[in-house]
Protein chains: 2
Amino acid sequence: GKKVLIVYAHQEPKSLNGSLKRVAVEELSKQGCTVMVSDLYAMQFEPRATRNDIVGCLHNSEEFNYGMETWEAYKRGSLSKDVIEEQKKVQEADLLIFQFPLYWFSMPAIMKGWMDRVLVQGFAHEFPNCYDSGLLKNKLALFSFTTGGTKEMYAKGSISGDIRYLLWPMQHGIMHFCGVKVLAPHICFAPEYVSEEKRMEMLIAWAERLKTLWEEKPINCTPEWYFK
Amino acid sequence: GKKVLIVYAHQEPKSLNGSLKRVAVEELSKQGCTVMVSDLYAMQFEPRATRNDIVGCLHNSEEFNYGMETWEAYKRGSLSKDVIEEQKKVQEADLLIFQFPLYWFSMPAIMKGWMDRVLVQGFAHEFPNCYDSGLLKNKLALFSFTTGGTKEMYAKGSISGDIRYLLWPMQHGIMHFCGVKVLAPHICFAPEYVSEEKRMEMLIAWAERLKTLWEEKPINCTPEWYFK
């Protein structure tokens with residue numbers, strides 16, 4: 001069976017994001033997958049990239065360089081426990097699902113902190129092993145999120161621009177950089193402004209998509225996909 | 001004199017980011033500006049958007065909705081103290097400068113948390129008052145950052161794409177949404193891979209730019225600027 005890590009960032013289990021997460025756990029488990037969940041708010045996950053992420057002495061205590069220190073600490077096995085635990089889950093996973101409400105054209109800070117702290121050099125990439133030769137190649141990622149704005153607001157030519165514009169930093173800048181192949185995003189537009197019935201349809205559509213997820217081909221990770 | 005808020009996110013005062021921040025404080029003070037600094041790591045700024053941001057009772061304690069609760073709390077004056085303090089600085093400022101190292105095609109989580117928590121509905125925007133009629137209109141913003149990659153890596157057609165692609169969520173999705181006009185970004189490419197002399201030139205170039213900053217015209221906040 002495949003292994004899936006769901007990185008989930010919503011404060012409220014009763015939210016649509018909470019339901020989307022549960023639907024994914026249920027559907028994927030039913031398929032025989034092993035599903036791990038990192039419930040970031042429940043874990044009170046630390047988003048700040050600080051000296052505390054390195055256990056023991058620093059490589060250069062004169063001038064703190066987070067990227068350098070975490071790279072060195074990774075090699076020595078002296079990253080902080082919470083970071084190592086997340087890296088283990090990533091290492092085991094065939095698929096990473098990021099489930100979150102869009103905050104400011106991006107992910108909530110608590111999830112950005114997961115990216116900043118977990119995907120350190122040596123573990124996820126190590127120059128020149130980035131992009132297609134990133135260290136997490138052979139894994140898949142999928143960004144599943146809800147928006148405040150409607151689908152029409154995120155159409156090309158509309159004020160908020162094509163929704164794909166804002167996927168570039170997340171899908172290309174983070175996942176593709178680490179060698180991860182990206183499945184099409186799953187977007188629930190403006191769930192706060194639709195009926196309970198429509199929200200139920202959103203959950204069903206997600207469950208349906210998950211049934212054939214493993215047959216999906218990754219998107220073509222080029223600027224053309226984003227900005228054509 | 002003009003008022004400037006520098007929102008600064010680097011762990012190390014001796015870093016180039018630290019020096020860029022000091023140069024800005026010195027140069028702008030010399031011009032007679034009042035300069036406020038939010039040194040996020042030094043403040044141990046909380047990046048997580050949680051129930052703790054609302055003092056006292058919730059509007060709807062059955063189902064926690066961060067956007068709704070912070071909007072209501074803003075109107076009642078019951079946001080947490082740290083958020084209110086940042087909002088006061090923003091309110092006073094004519095110009096916001098964001099100084100940070102680029103982390104994963106975006107700002108560090110601690111600064112994303114500043115955006116998530118400070119720019120709440122009611123304060124920074126309130127539908128339909130967004131984009132050109134956002135509540136922070138008549139203010140300017142400038143993103144000043146350092147990169148790991150070289151200028152060549154962030155050229156159009158290169159693997160990391162035009163650097164402007166990744167500015168869309170920050171400049172358009174956040175600042176423009178709040179009505180803030182955006183000055184051209186100030187980018188120091190790959191300072192870790194250049195000589196001490198080159199880094200000194202970077203500091204001088206920033207000081208020089210600041211001398212005539214108030215004469216600059218904002219960028220044209222349209223998809224064309226980003227994706228042409």
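So you know, we letter chains A, B, ... as the sequences are listed, proteins then strands, and number each from 1. All figures in this text were calculated on a predicted structure; none of them were measured in a lab.
- Of all the listed residues (B/Asn65, B/Asp162, B/Thr50), the one sharing the greatest number of non-hydrogen pairs under 4.5 Å with chain A is B/Asn65.
- In this structure, A/Gln11 contributes its side chain and B/Arg51 its backbone to no donor-acceptor pair below 3.5 Å.
- Most heavy-atom pairs under 4.5 Å with chain B: of the set A/Cys130, A/Ala49, A/Ser106, this distinction falls to A/Ala49.
- Heavy atoms from other residues, nucleotides or ligands lying under 6.0 Å from NZ of A/Lys88 number 12 at most.
- Of the two parts of B/Glu62, the backbone and the side chain both hold a non-hydrogen atom closer than 4.5 Å to a non-hydrogen atom of chain A.
- Looking at B/His10 and A/Tyr66, their side chains never come closer than 4.5 Å, going by heavy atoms from C-beta outward.
- Around the NZ atom of B/Lys198, the shell of radius 6.0 Å holds no more than 12 heavy atoms that belong to other residues, nucleotides or ligands.
- Taking CD from A/Glu12 and CD from B/Glu63, the interatomic distance works out to 5.5 Å, rounded to the nearest 0.5 Å.
- Between the side chain of B/Arg48 and the backbone N or O of A/Gln44 there is at least one donor-acceptor pair closer than 3.5 Å.
- Residue B/Leu40 does not touch chain A at all, counting heavy-atom pairs closer than 4.5 Å.
- Both the backbone and the side chain of A/Phe64 come within less than 4.5 Å of a heavy atom in chain B.
- Interface residue B/Tyr103: backbone and side-chain heavy atoms are both found under 4.5 Å from chain A.
- Counting heavy-atom pairs under 4.5 Å between each of A/Ala9, A/Ala109, A/Gly67, A/Pro13 and chain B puts A/Ala109 at the top.
- Considering only heavy-atom pairs separated by less than 4.5 Å from chain A, the leading option among B/His176, B/Glu192, B/Met170 is B/Glu192.
- Your options are B/Ile159, B/Leu166, B/Leu119, B/Thr222, and the one with the most heavy-atom pairs under 4.5 Å with chain A is B/Ile159.
- Of the two parts of B/Met107, only the backbone, made up of N, CA, C and O, holds a non-hydrogen atom closer than 4.5 Å to a non-hydrogen atom of chain A.
- In this structure, B/Lys75 places its NZ atom where more than 12 heavy-atom neighbours from other residues, nucleotides or ligands lie under 6.0 Å away.
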(message) Run the side chain to side chain contact (heavy atoms under 4.5 Å, CB included) test on A/Ile174 and B/Phe105 for me, step by step, so that the C-alpha distance in whole Å, both residues' side-chain angles and the decisive distance to 0.1 Å come before the verdict.
(response) CA-CA 7 Å; A/Ile174 306 178; B/Phe105 276 42; 5.7 Å; no

(request) Using the ring-ring contact (aromatic ring centres under 6.0 Å, His included) rule, take A/His172 and B/Trp104 through it: C-alpha gap first, then chi angles, then the decisive distance, then the call. (result) CA-CA 10 Å; A/His172 182 79; B/Trp104 290 118; over 10 Å; no

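- B/Ser160 has its side chain within reach of A/Tyr131: a pair of non-hydrogen atoms, C-beta onward, lies under 4.5 Å apart.
- Only the side chain of B/Cys178 comes within contact range of chain A, with at least one heavy atom under 4.5 Å from a heavy atom of that chain.
- Taking the six-membered ring where the residue is Trp, the centroids of B/Tyr165 and A/Tyr226 are separated by 6.0 Å or more.
- Within 6.0 Å of the NZ atom in A/Lys151, the count of heavy atoms belonging to other residues, nucleotides or ligands does not exceed 12.
- Distance check: A/Asp116 CG to B/Lys112 NZ gives 11.5 Å after rounding to the nearest 0.5 Å.
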